[in-house]
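Structure incoming, see below.
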2 protein chains.
Amino acid sequence: MQNQEFEMLAEHILNRVPLNVDELNFMLSQFKLTRVKKRQFIVQPGFTANYRNFICAGAFRSYVVIDSGEDHTIQFAIEDWWITDYNSYFNAEQATMFVLALEDSTILQLSRENEDMLKLANHKYETFFRISAERAQAFHFRQLITNLTQTAEFRYESFLDKYPKIVNRVPQYALASYLGMTTEYLSKLRNKRATK
Amino acid sequence: MQNQEFEMLAEHILNRVPLNVDELNFMLSQFKLTRVKKRQFIVQPGFTANYRNFICAGAFRSYVVIDSGEDHTIQFAIEDWWITDYNSYFNAEQATMFVLALEDSTILQLSRENEDMLKLANHKYETFFRISAERAQAFHFRQLITNLTQTAEFRYESFLDKYPKIVNRVPQYALASYLGMTTEYLSKLRNKRATK
DNA sequence: CTAAAAAGTTGAACCAGATTAACTTTTTTA
DNA sequence: TAAAAAAGTTAATCTGGTTCAACTTTTTAG
């Protein structure tokens with residue numbers, strides 16, 4: 001095991017699937033450690049997202065920009081989470097999203113080719129990716145329920161509750177667009193909360 | 001190969017992963033053919049969703065009911081699609097959703113135990129479930145983008161466009177709640193479209 | 001076949017959240 | 001470290017979509 005970043009990823013993997021030392025090391029050897037400065041893009045429309053990114057330190061935001069110029073946050077990700085444009089990554093097609101570093105960050109990148117190779121090489125590696133995708137699927141259903149059933153105010157309250165570590169690391173306009181409201185309205189909600 | 005329903009599922013599976021005859025037949029043998037009458041529930045809050053359901057004929061709708069009594073459609077599913085409460089199914093916990101037959105339907109059900117067994121038994125079976133989950137993940141991201149970036153009117157237009165086969169098979173109030181609007185408002189949108 | 005229930009329609013009043021605009025605070029960069 | 005840019009705030013006004021209520025049409029069950 002080489003260093004702290006790979007230790008983090010190792011723990012993340014072993015938490016999902018039991019690998020012996022050799023299996024683990026081979027899997028880890030397919031990842032590439034990358035340091036990314038704040039405000040740097042790791043995915044951009046017009047290019048293909050060729051990597052799946054595991055965050056060791058730092059924070060990212062993925063978003064789409066619509067015709068009018070507004071952007072809409074799709075996902076936030078901090079330590080121990082993954083981020084990419086999955087439609088682009090899985091289907092090797094052009095990205096429609098930006099993925100932007102919100103802080104100086106350290107990530108471990110897995111290329112599509114290496115991922116495909118790992119999935120073929122060993123049933124257990126395949127299991128890891130299957131579990132990751134199933135958890136994402138379950139997560140998205142829960143998120144969809146929240147979005148459909150709650151008001152803007154309650155979606156903000158829920159976010160505070162579920163992701164207290166994220167709230168203070170992301171710009172407010174990005175959080176507002178993630179929650180499906182304007183930055184002005186979120187400002188009001190915050191103010192209203194603070195004064196009661 | 002026993003009949004038309006299993007043929008459908010076979011095609012669906014072979015479309016995702018190459019299996020030889022024995023592998024395919026063993027996988028198929030884990031499914032149970034069930035006929036469901038219109039208005040029958042196959043998943044209900046308070047019970048655990050023990051099956052993943054492949055639809056051979058018919059149509060289903062999953063929804064949650066909130067305190068005020070309104071329901072919110074989470075998913076529609078017709079022939080060649082899957083439906084269940086995935087949070088309940090994957091984690092063997094109580095369902096929060098209803099899954100209701102909108103028509104007399106024929107489904108092929110796979111139990112959690114059989115699915116777990118299949119995933120362990122053969123790398124290729126695992127691959128099948130991994131691909132299914134990844135596609136669902138990609139689908140949910142596209143859906144999230146639509147929901148965040150489009151107005152109610154445009155979400156309806158997009159639905160018409162993408163799922164013309166579904167529109168006329170589901171009650172309008174269910175479609176309205178799927179699209180995140182009231183049934184009255186959807187009625188107005190339809191009327192407006194019809195008259196221009 | 002018929003009565004009752006469920007689904008869909010229409011219009012008026014209303015409201016959660018958007019828009020616009022002017023301003024303050026924080027962050028960035030030269 | 002200063003000035004410019006970006007982010008956040010506040011308030012007035014506006015609107016896409018909701019709510020409520022009365023009605024018509026369709027579906028269901030006896």
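Letters A, B, ... are given to chains in the order of the sequence lines, protein chains preceding strands, and every chain is numbered from 1. What you are looking at is a predicted structure, and each value in this text was computed from that prediction instead of being measured.
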Mind checking side-chain hydrogen bond (donor to acceptor under 3.5 Å, both in side chains) for A:Thr146 and listing every partner two or more places apart, or none if nothing turns up? none
I'd like to know if B:Lys192 and B:Glu153 make a salt bridge, using a cut-off of under 4.0 Å between side-chain N and carboxylate O. yes
Identify, residue by residue, the members of residues 160-175 of chain B with a heavy atom below 4.0 Å from DNA chain C, and return them in order of residue number, or none. B:Pro171, B:Gln172, B:Tyr173
Listing time: all N or O pairs from protein to nucleotides 13-16 of chain D that are below 3.5 Å?
none

Between CG of A:Leu186 and P of D:dG8 the distance, given in whole Å, is 9 Å
Hits for ring-ring contact (aromatic ring centres under 6.0 Å, His included) against A:Phe141, two or more places apart or cross-chain, chain-then-number order -> B:Tyr86, B:His140
Rounded to 10°, the angle between the first-five-pair and last-five-pair axes of the helix from C:dC1-D:dG30 to C:dA30-D:dT1 is 60°
Residues that B:Glu23 engages under salt bridge (Lys or Arg N to Asp or Glu O under 4.0 Å), provided they are two or more places apart: B:Lys124
Distance-only criterion, 3.5 Å: show the donor-acceptor pairs between side-chain atoms of residues 159-166 of chain A and protein atoms not counting sequence neighbours.
none

Atom-pair distance (CG on B:Leu189; P on D:dG17), nearest Å: 8 Å
For residues 48-71 of chain B, pull every pair meeting ring pair (Phe, Tyr, Trp, His ring centres under 6.0 Å), keeping only residues two or more places apart or in separate chains. B:His12-B:Phe54, B:Phe54-B:Trp82, B:Tyr63-B:Phe98
Is A:Glu184 salt-bridged to A:Lys188, cutoff N-O under 4.0 Å? no
Looking at residues at least two apart in the chain, or sitting in another chain, which of them share a side chain to side chain contact (heavy atoms under 4.5 Å, CB included) with B:Ile66? A:Thr149, B:Ser68, B:Glu70, B:His72
With a 4.0 Å cut-off on N to O distance, would you call B:Glu126 and B:Arg130 a salt bridge? no
Residue set satisfying side-chain hydrogen bond (donor to acceptor under 3.5 Å, both in side chains) with B:Glu103, at least two apart, ordered chain then number -> B:Arg169
Do B:Phe76 and B:Tyr178 have ring centroids that are under 6.0 Å from one another? yes
When the distance from CD of B:Glu184 to C1' of D:dG17 is rounded to whole Å, what number comes out? 11 Å
Partners of B:Ser88 by side-chain hydrogen bond (donor to acceptor under 3.5 Å, both in side chains), sequence neighbours excluded? none
Short side-chain N/O contact to D:dT9 OP1/OP2 from A:Asn191, under 4.0 Å: no
First and last nucleotide of DNA chain C touching chain B, 5' to 3', heavy-atom cut-off 4.0 Å? C:dA7 to C:dA12
Does a salt bridge link A:Arg39 with A:Asp104, judged by any charged N lying under 4.0 Å from a carboxylate O? no
Closest nucleotide of DNA chain D for B:Thr182 versus for B:Lys38: which of these residues is on the 5' side? B:Thr182
